[in-house]
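Structure record follows, encoded as structure tokens.
These figures come from a predicted structure and were not determined experimentally. Order of the sequence lines fixes the chain letters, A, B, ..., with proteins taken first and strands second; residue numbering starts at 1 for each chain.
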Amino acid sequence: MIIVFCELKDGRLRKPSAESLSEARRLADSGGLQVAALFAGASCIGSEEAARYGADLILQAEAPALAAYSSDGFAALLADAVQARRASILLAAGTAMGKDVAPRVAARLGAGYAADVTGLSLAGGRLQATRPMFAGKAFADCEFTSPIQVATTRPNVFPVAESPRPLVQEALPAPAGDFKAVVKELLAKSAGKVDLTEADVIVSGGRGMKEGANFKLLEDLADALGGVVGASRAAVDAGWGIPHAMQVGQTGKVVSPSLYIACGISGAIQHVAGMSGSKVIVAINKDPEAPIFRIATYGIVGDLFEIVPLLTASLRGQH
Amino acid sequence: MKILVALKQVPDTETKIKVAADGKSLDATDVKWITSPYDEMAMEEALRIKESRGAEVVAISVGEDRTRELLRNALALGADAAVLIRSAEAGDPLAVARILADFARDKSFDLILLGHTGFGGDHGAVGPMLAELLGVAQAHVVTRLELGEDTFRAEREAEGGFERIEGSLPAVITAQRGLNEPRYPSLKGIIGAKKKPIEELEAGPIESTIRVSTLTLPPARPEGRKLEGSAAVQAESLIQLLRNEAKVI
Ligand SMILES: Cc1cc2nc3c(=O)[nH]c(=O)nc-3n(C[C@H](O)[C@H](O)[C@H](O)COP(=O)(O)OP(=O)(O)OC[C@H]3O[C@@H](n4cnc5c(N)ncnc54)[C@H](O)[C@@H]3O)c2cc1C
Ligand SMILES: Nc1ncnc2c1ncn2[C@@H]1O[C@H](COP(=O)(O)O)[C@@H](O)[C@H]1O
């Protein structure tokens with residue numbers, strides 16, 4: 001059995017979890033395995049959606065003690081489920097929560113762990129994983145040697161595929177709740193905005209933006225495209241009030257959107273490491289020799305302060 | 001208070017990656033080795049705690065001969081002791097976590113600080129694994145840390161915001177950018193470090209759970225296209241290309 005740890009948000013299955021589930025279904029079909037989707041929280045309303053993406057079984061751990069996330073609490077719950085069901089594979093989406101809990105569960109189970117995988121297959125019943133290393137400058141094919149295998153899937157890489165199954169739900173025993181560390185609150189939440197790592201369109205600004213207030217131009221363009229705004233490290237470090245959470249690159253977020261628009265970004269190796277997995281890259285830079293043009297699908301040599309508003313206006317249908 | 005800081009020696013972030021003849025590891029010729037960037041923040045945090053409330057800081061690295069240089073630097077920064085555990089790079093974060101756990105167990109560290117991810121391996125795993133193996137609390141990808149008597153409060157990056165975590169000590173905390181700005185060693189520190197010993201241990205036999213079978217470079221991106229014409233024409237043709245050719249909007 002493959003167990004997929006799934007996350008809900010506002011009663012809906014999160015997209016990165018739908019991606020993990022879809023990939024689990026594909027793997028399970030290739031190896032004659034079952035897929036169980038595991039949910040944990042104060043409420044698991046919305047978890048039925050997992051059946052749509054191929055879950056044969058939906059495991060629900062519903063308890064007040066699970067209302068707030070706890071690394072040790074969730075890890076114990078997941079490890080118990082893997083053992084109770086004799087699952088051989090545990091997948092989670094490579095989200096903040098997935099990357100927090102999956103390695104901890106792996107240690108508890110003595111299982112090998114592959115982080116942020118971009119490709120999975122089964123060989124002789126065991127998982128094989130392809131994953132980026134050196135911030136995407138190389139890719140490693142990995143073989144597991146442990147009986148249980150754990151992996152997190154990189155968001156935006158695996159396609160979501162519907163493969164409806166009849167709804168079968170089962171409750172998991174609730175944990176006691178004497179956890180060692182617990183999330184108490186979520187601060188400075190930018191409501192409604194998706195995280196950079198999950199965004200389908202990213203408009204990023206660099207030192208060429210000149211000052212923080214000019215990022216409004218990028219927000220307008222991002223809004224017109226249904227995307228979010230990112231930044232280079234130079235922009236984050238410039239003291240323009242741009243939070244590090246927006247930084248793309250080796251010491252920021254590694255992103256793989258369909259469309260990445262780099263505005264006033266030169267294309268330093270550490271920046272490129274974070275975004276070269278984007279399907280389409282657009283570079284807007286006034287220096288025709290900027291290295292970013294070497295990896296850009298479409299390049300515009302020009303002044304971003306002129307080009308960006310034109311793009312926004314054109315998208316909004318005003319000429 | 002006793003603090004353990006785990007530091008990994010990694011290739012400089014500017015390194016151009018070349019695959020070695022074995023087809024599965026990094027060609028280390030010409031590689032410049034540095035302390036993984038987030039580990040410097042873990043070290044800095046330990047030093048700040050030492051300065052503000054007093055602590056014994058032990059720096060540890062699982063590595064090879066050249067890793068002594070990293071530990072020498074940790075001593076120069078202000079670590080009280082340094083430990084090198086010899087083991088070849090296995091590419092298995094659980095193997096590293098087990099070696100660190102074997103060392104830390106029974107030594108009653110109140111706090112264990114690591115980077116959230118070691119550059120290169122990019123696992124982001126040793127911290128949470130170590131916390132589990134030692135049966136202690138964890139806060140992963142932390143941008144702010146406050147210690148109480150035997151409790152901690154941390155802020156960690158999560159989708160769309162920050163999570164505030166509260167837990168009990170001992171704990172494993174992994175550092176993210178924003179936690180602090182690492183210092184450079186002082187001349188006095190560098191001279192003093194020459195006299196401090198680096199304890200060297202051999203790792204016991206490690207059972208691997210995962211290994212790299214091939215390492216490949218990503219395919220080069222196809223040569224891009226530079227658009228032509230006035231700003232307005234370029235903007236318009238970009239939108240058309242994104243819609244009709246690339247089909248991403
Ligand atoms: C250990 C380490 C880790 C790092 N991690 C990261 C990371 O995660 N992410 C990251 O981004 N960087 C990272 N860096 C920094 C990286 O090396 C570069 O310094 C940084 O990416 C440069 O940012 P930039 O492209 O915005 O600025 P610059 O390199 O200064 O480029 C600005 C560009 O804007 C263009 N420009 C200026 N005005 C205009 C205009 N009006 N219209 C159009 N174009 C204009 C210029 O031609 C220039 O190409 C790291 C560095 C180190 C050492
Ligand atoms: N060989 C090692 N020696 C000491 N610490 C390590 C080693 N490998 C990883 N770590 C620590 O674990 C953190 C996370 O590493 P990783 O899970 O490999 O991304 C690093 O930032 C280090 O603090």
Side-chain angles (χ1 to χ4, degrees), chain A residues 71-72 75 95-96 99-100 103-104 106-108 111-115 132-135 137-146 180-190 193 195 225 244-245 250-251 258-259 269-270 279-280 293 295-302 306-307 310-311 314-315, chain B residues 13-14 17 37 92-94 97 119-125 128-129 131-133 136-141 155 157-168 171 177-178 208-218 221 224-227 231-232 234-236 238-239 241-242 246 248-249:
Chain A
S71 310
D72 50 307
T95 57
K99 287 178 166 181
D100 191 80
R104 187 154 185 150
R108 199 172 171 95
Y113 170 61
M133 288 180 73
F134 301 97
K137 288 189 231 168
F139 282 81
D141 292 326
C142 304
E143 283 166 2
F144 288 85
T145 47
S146 55
K180 297 190 171 73
V182 174
V183 172
K184 289 292 179 186
E185 61 177 323
L186 193 55
L187 309 156
K189 193 165 165 56
S190 38
K193 286 258 160 71
D195 193 64
L225 288 164
H244 172 249
Q250 200 152 280
T251 43
S258 304
L259 174 60
I269 189 164
Q270 297 95 344
K279 287 179 199 87
V280 172
F293 286 120
I295 57 151
T297 326
Y298 305 115
I300 295 186
V301 179
E306 198 178 348
I307 305 285
L310 284 167
L311 292 173
S314 165
L315 285 162
Chain B
T13 57
E14 298 261 2
I17 305 301
D92 179 357
L94 186 54
F119 172 64
D122 296 359
H123 306 290
M129 287 175 163
E132 178 61 33
L133 296 174
V136 301
Q138 81 185 49
H140 193 29
V141 200
E155 273 173 34
E157 256 181 32
E159 284 89 8
F162 292 88
E163 288 174 350
R164 189 162 58 75
I165 301 175
E166 290 180 14
S168 54
R177 248 187 110 219
S208 95
T209 58
I210 187 168
R211 60 172 168 247
V212 174
S213 52
T214 49
L215 189 67
T216 47
L217 302 184
R221 289 188 76 95
R225 170 149 32 128
K226 281 208 186 112
L227 308 185
Q234 292 198 53
E236 201 43 51
L238 177 64
I239 303 285
L241 287 165
L242 293 177
V248 287
I249 61 171

Per-residue contact mode, [X] against chain B (heavy atom under 4.5 angstrom):
X	answer
A/Gln250	both
A/Glu143	both
A/Lys99	backbone
A/Ala296	backbone
A/Leu311	both
A/Ala111	backbone

Between [X] and chain A, which part of the residue has a heavy atom less than 4.5 Å away: side chain, backbone, both or neither?
X	answer
B/Leu215	both
B/Ala246	both
B/Val212	both

Please report the interatomic distance [atom1]([X]) to [atom2]([Y]), rounded to the nearest 0.5 Å.
X	Y	atom1	atom2	value
A/Glu185	B/Ile165	CD	CD1	11.5 Å
B/Asp92	A/Phe144	CG	CZ	9.5 Å
B/Leu238	A/Ile300	CG	CD1	4.5 Å
A/Leu225	B/Ile249	CG	CD1	5.5 Å
A/Tyr298	B/Lys226	OH	NZ	15.5 Å

- request: Could you verify whether a donor N or O on one side chain and an acceptor N or O on the other, from A/Asp141 and B/Thr214, lie under 3.5 Å apart?
  value: yes
Taking [Y]'s backbone N and O only, do any of them form a donor-acceptor pair with [X]'s side chain (distance below 3.5 Å, no angle check)?
X	Y	result
A/Lys137	B/Thr13	yes
B/Gln138	A/Asp100	yes
A/Asp72	B/Ala137	no
A/Thr145	B/Thr209	yes
A/Arg104	B/Met129	no

message: Suppose we screen for salt bridge (charged side-chain N to carboxylate O under 4.0 Å, His left out). Which residues come up paired with B/Glu166, at least two apart in sequence or across chains?
response: B/Arg153, B/Arg164
Would you say that [X] contacts [Y] through its side chain, given a criterion of any heavy-atom pair below 4.5 Å between the two side chains?
X	Y	result
A/Thr297	B/Arg221	yes
A/Leu187	B/Glu163	no
A/Ser314	B/Glu236	yes

query: What option among B/Leu242, B/Leu217, B/Val248, B/Val141 has the most heavy-atom pairs under 4.5 Å with chain A?
result: B/Val248
